[in-house]
Amino acid sequence: MRGPLGPESERAMRYDKDLVAHKLLRWENYLNHYKLPEWKELPDIGLYMDQVIALLGQYLDFIPVEEQKDKPVTSTTINNYVRLKVMPAPEKRKYYRIHIAYLIMIFTLKQGTSISSLQKLLPTGEDEETVRNFYTNYIHRVQKVGTFYTAQTRAAGEDILSAQASEEAVEDFIIQTVLMSGFSQILGEKLLHLRDADPKAVLDQEALSDSRGVHPIAHVPERDKGV
């Protein structure tokens, strides 16, 4: 007798190749044209929370919302960022250009790292001119990374764009994208932990690798028989 993943379940888990290819091309086209607003384009008239949420919904429409209840931008999350001092507090309950800039950076970066890590990336307690320069550089980085990502994804998904693509090729592409996301996030966290780190302490801690750079797991001795 087969387990819970019988023939019916297996069929239900399969992916439609044309649909996956369509999503790849659509996402590629979107990212190649995606552009965050310039600093001067951000409103500086003082917005209330509901206006901020509506505005960010337009700027960040690439963030997935699988269910209607899963809203990426809420008043609770924004209040938490203020409470944790990841961003400056509003002025008399109103949000200005500098607040919108912080929120854009926070919501785009949090897709790949934790909120605590964001505090190592974003400027804190800085004047508006410093934040403006940082934000301007940031939005150009987003475009650069988007272009690089679409090129890498196109290379990984070249097989599924072929008319002869197999189900295995489709599943392989999906697994690749998930793995790339995971490895990128892990590397990002490792690099963030290097901020203000003592180089000698870090290198001493990583001295488990031998002089040839072989990962220590390759030298774990086999257990004695009978153990």
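In this text, all values refer to a predicted model and were calculated from it rather than measured experimentally.
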ask   = Heavy atoms, side chains only, cut-off 4.5 Å: are R154 and E28 in contact?
value = yes
task = Please answer whether the main-chain N or O of S75 pairs with a side-chain N or O of N79 as donor and acceptor at a distance below 3.5 Å.
result = yes
ask   = Going by the salt bridge (Lys or Arg N to Asp or Glu O under 4.0 Å) test, which pairs reach into residues 96-113, not counting sequence neighbours?
value = D44-R97
query = Would a distance-only check, ignoring hydrogens and angles, find a side-chain to backbone donor-acceptor pair under 3.5 Å from Q58 to L55?
reply = no
inquiry  = I need the full list of side-chain hydrogen bond (donor to acceptor under 3.5 Å, both in side chains) pairs touching residues 180-191, with sequence neighbours left out, sorted by first then second residue.
reply    = T113-E189, S117-E189
inquiry  = Could you check whether any side-chain heavy atom of F173 comes within less than 4.5 Å of a side-chain heavy atom of L24, counting everything from C-beta outward?
reply    = yes
remark   = Those residues at least two apart in sequence (or on a different chain) that pass ring pair (Phe, Tyr, Trp, His ring centres under 6.0 Å) with Y34 are Y30, F62
note = Tightest non-hydrogen contact, residues A21 and I160, listed as CB-O, 3.9 Å
key: Results of side chain to side chain donor-acceptor pair (under 3.5 Å) for R26 - residues two or more places apart only   = none
key: V170 vs D16 side-chain heavy atoms within contact, under 4.5 Å   = no
Flag side-chain contact, heavy atom, 4.5 Å: R83 against N80 = yes
ask   = Does some side-chain heavy atom of Y138 sit less than 4.5 Å from a side-chain heavy atom of L109?
value = yes
ask   = Quick one: does W39's side chain get under 4.5 Å of V131's, heavy atoms only?
value = yes
task = Using side chain to side chain donor-acceptor pair (under 3.5 Å) as the criterion, list what pairs up with T77, not counting sequence neighbours.
result = T74
query = Under the salt bridge (Lys or Arg N to Asp or Glu O under 4.0 Å) test, which residues partner K144, sequence neighbours left out?
reply = none
task = Determine which pairs satisfy ring pair (Phe, Tyr, Trp, His ring centres under 6.0 Å) with at least one residue from residues 73-96, sequence neighbours left out, and list them in order.
result = Y81-F107, Y95-H99
ask   = Does E168 have any salt bridge (Lys or Arg N to Asp or Glu O under 4.0 Å) partners at least two apart in sequence or in another chain, and if so, which?
value = none
ask   = Considering residues at least two apart in sequence or located in another chain, which fulfil the side-chain contact (heavy atoms from CB on, under 4.5 Å) criterion with F134?
value = M105, L122, P123
ask   = Do T153 and L31 come close enough that some side-chain heavy atom pair is under 4.5 Å?
value = no
request  = Mark yes or no for whether Q119, through its side chain, and L84, through its backbone, hold a donor-acceptor pair below 3.5 Å.
outcome  = yes
Residues which pass side chain to side chain donor-acceptor pair (under 3.5 Å) with T76, listed by chain and number, not counting sequence neighbours = none
message = If you apply the rule side-chain hydrogen bond (donor to acceptor under 3.5 Å, both in side chains), what do you find for Q176 with D172, and how did you get there?
response = CA-CA 6 Å; Q176 282 189 67; D172 182 61; 2.8 Å; yes
request  = Please tell me if the side chains of I104 and Y135 come closer than 4.5 Å, counting only heavy atoms from C-beta onward.
outcome  = yes
inquiry  = Please determine whether a side-chain nitrogen of the Lys or Arg among E129 and R132 lies less than 4.0 Å from a carboxylate oxygen of the Asp or Glu.
reply    = yes
ask   = Going by the salt bridge (Lys or Arg N to Asp or Glu O under 4.0 Å) test, which pairs reach into residues 155-165, not counting sequence neighbours?
value = none
query = Listed by chain and number, what are the side chain to side chain donor-acceptor pair (under 3.5 Å) partners of N137, not counting sequence neighbours?
reply = none
